[in-house]
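Just so you know, these numbers come straight off a predicted model, no measurement behind them. Convention: sequence-line order gives letters A, B, ...; per-chain numbering from 1.
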Number of protein chains: 2
Amino acid sequence: MSISSRFAVGIHILSLLGINQEDVNTSEYIAKSVNTNPVVIRKIIGMLKKAQLVNVRPGVAGAELAKDLSDITLLDVYKAVNVVQEKDLFGRHESPNPSCLVGRNIQTAIEPLFSSAQRALEKSLENVTIQDVVSDILKQEESVAGQNQREC
Amino acid sequence: MSISSRFAVGIHILSLLGINQEDVNTSEYIAKSVNTNPVVIRKIIGMLKKAQLVNVRPGVAGAELAKDLSDITLLDVYKAVNVVQEKDLFGRHESPNPSCLVGRNIQTAIEPLFSSAQRALEKSLENVTIQDVVSDILKQEESVAGQNQREC
DNA sequence: ATTACATGTAACATAAATAGTTACAAATAA
DNA sequence: TTATTTGTAACTATTTATGTTACATGTAAT
């Protein structure tokens with residue numbers, strides 16, 4: 001099991017939009033950077049749009065950030081791309097036997113534990129913004145300056 | 001996406017073994033409490049055994065705890081049942097375009113962020129033991145005392 | 001208006017993982 | 001030797017992620 005790569009791709013897209021603010025970032029262009037199909041990008045951008053993180057319009061080329069880079073946390077992206085349902089990072093086994101001591105109480109016992117682990121994860125994601133990611137990308141690039149040809 | 005219910009079932013099994021220490025807990029018996037197939041239980045018990053959390057022997061009926069309840073954390077169980085590979089709670093998108101500024105740096109930028117979120121989750125799981133779960137189960141049962149018939 | 005082009009979506013194709021099931025070999029105790 | 005249980009292989013069904021083709025719809029520019 002792994003949390004869908006949609007999350008990673010979402011971060012990629014937003015970072016790209018942040019760095020290429022001048023350019024027209026079409027789904028085809030972004031797809032080349034991510035190295036996938038444009039339709040995959042459009043679907044994810046659709047989710048980011050619904051979460052009001054980007055602006056896109058049918059018929060008009062290019063997506064744009066709807067917020068400052070520093071106002072978008074990883075948690076925003078994580079929630080936007082729907083990799084995990086509200087309370088469901090951890091799967092539960094349904095219908096344990098109610099005529100068993102453990103069976104009838106396990107769900108209630110486990111729930112708060114799972115919730116708090118999930119919250120710990122989400123808080124960690126909330127502490128990082130896309131701006132942080134972009135800054136890190138630019139810093140890495142500096143450190144290998146000279147060899148940076150750019151196709152996109 | 002959800003983390004496999006194997007994790008929840010693993011917790012269920014260990015709690016049951018803790019509560020029914022006197023009894024002989026066969027896979028069939030446990031399966032009734034969890035409400036699933038005995039083979040599913042055996043597979044999970046096999047994982048718990050490999051992680052040295054339980055003792056079982058082929059031919060000998062019943063599984064037993066290999067440690068004190070208070071020495072088994074949820075993280076131990078989580079790792080035992082292999083719901084998540086070592087560094088892979090978050091899926092990455094493979095092969096982003098190396099001729100793009102973002103493409104060639106995104107992985108490195110994201111990795112530590114994902115790792116620390118995963119660590120936050122795991123630390124939360126590490127703070128809880130099966131003993132805590134069992135205590136909670138027994139406490140819940142008390143609060144509805146009187147109606148507690150037991151089939152298992 | 002027509003054209004060119006991009007977005008938005010439906011529909012489908014794999015592929016991988018989960019969960020369950022049947023069947024049976026191997027181990028053990030009585 | 002017999003009955004019972006664990007351990008596993010093999011198979012099925014279901015779900016989800018990801019990618020792909022195809023096309024309708026929206027927009028701007030000619």
For residues 44-54 of chain A, please give each side-chain donor-acceptor pair under 3.5 Å, one per line with the distance, not counting sequence neighbours.
{"residue": "A:Lys49", "atom": "NZ", "partner": "A:Val56", "partner atom": "O", "Å": "3.1"}

With sequence neighbours excluded, tell me which residues meet side chain to side chain contact (heavy atoms under 4.5 Å, CB included) with A:Ser115.
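Partners of A:Ser115 under the side chain to side chain contact (heavy atoms under 4.5 Å, CB included) test: A:Lys87, A:Arg119.
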In whole angstrom, what separates [X]'s [atom1] from [N]'s [atom2]?
X: B:Glu28; N: D:dA3; atom1: CD; atom2: C1'; result: 14 Å
X: A:His93; N: C:dG20; atom1: NE2; atom2: C1'; result: 15 Å
X: B:Leu48; N: D:dT6; atom1: CG; atom2: P; result: 14 Å
X: A:Asn37; N: D:dT21; atom1: CG; atom2: P; result: 7 Å
X: B:Asp88; N: C:dA16; atom1: CG; atom2: P; result: 15 Å
X: B:Ile41; N: D:dG7; atom1: CD1; atom2: P; result: 13 Å
X: A:Glu94; N: C:dA19; atom1: CD; atom2: C1'; result: 10 Å
X: A:Ile45; N: C:dA6; atom1: CD1; atom2: P; result: 13 Å

Scan residues 88-111 of chain A for pairs that pass ring-ring contact (aromatic ring centres under 6.0 Å, His included), counting only residues two or more places apart or in two chains.
A:Phe90-A:Phe114, A:Phe90-B:Phe7, A:His93-B:His12
Checking [X] now: which residues fulfil side chain to side chain donor-acceptor pair (under 3.5 Å) with it, not counting sequence neighbours?
X: A:Asn35; result: B:Ser95
X: B:Asp132; result: B:Thr129
X: A:Thr73; result: A:Asp76
X: B:Ser15; result: none

What do the steps show when you test A:Tyr78 against A:Leu74 for side chain to side chain contact (heavy atoms under 4.5 Å, CB included), and what is the final call?
CA-CA 6 Å; A:Tyr78 174 85; A:Leu74 293 195; 5.9 Å; no
Residue-phosphate contact under 4.0 Å: A:Ser27 side-chain N/O, C:dA6 OP1/OP2
no
Quick one: is A:Thr26 getting a side-chain N or O under 4.0 Å of the C:dA6 phosphate, OP1 or OP2?
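Checking A:Thr26 against C:dA6: no side-chain N or O falls below 4.0 Å of OP1 or OP2.
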Identify, residue by residue, the members of residues 3-13 of chain A with a heavy atom below 4.0 Å from DNA chain D, and return them in order of residue number, or none.
A:Ser4, A:Ser5, A:Arg6
Where along residues 53-66 of chain B does a heavy atom come under 4.0 Å from DNA chain C, residue by residue in number order?
B:Arg57, B:Pro58, B:Gly59, B:Val60
Using salt bridge (charged side-chain N to carboxylate O under 4.0 Å, His left out) as the criterion, list what pairs up with B:Arg92, not counting sequence neighbours.
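Expected list: B:Asp88, B:Glu111.
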Apply side chain to side chain contact (heavy atoms under 4.5 Å, CB included) to B:Leu89 and B:Glu122, showing your working.
CA-CA 10 Å; B:Leu89 175 56; B:Glu122 295 181 352; over 6 Å; no
Could you run down the sub-3.5 Å N/O contacts of the protein with nucleotides 9-11 of chain C?
{"residue": "C:dT9", "atom": "O4", "partner": "A:Arg42", "partner atom": "NH1", "Å": "3.4"}

Would you mind writing out the side-chain donor-acceptor pairs for residues 63-72 of chain A within the sub-3.5 Å range, not counting sequence neighbours?
none

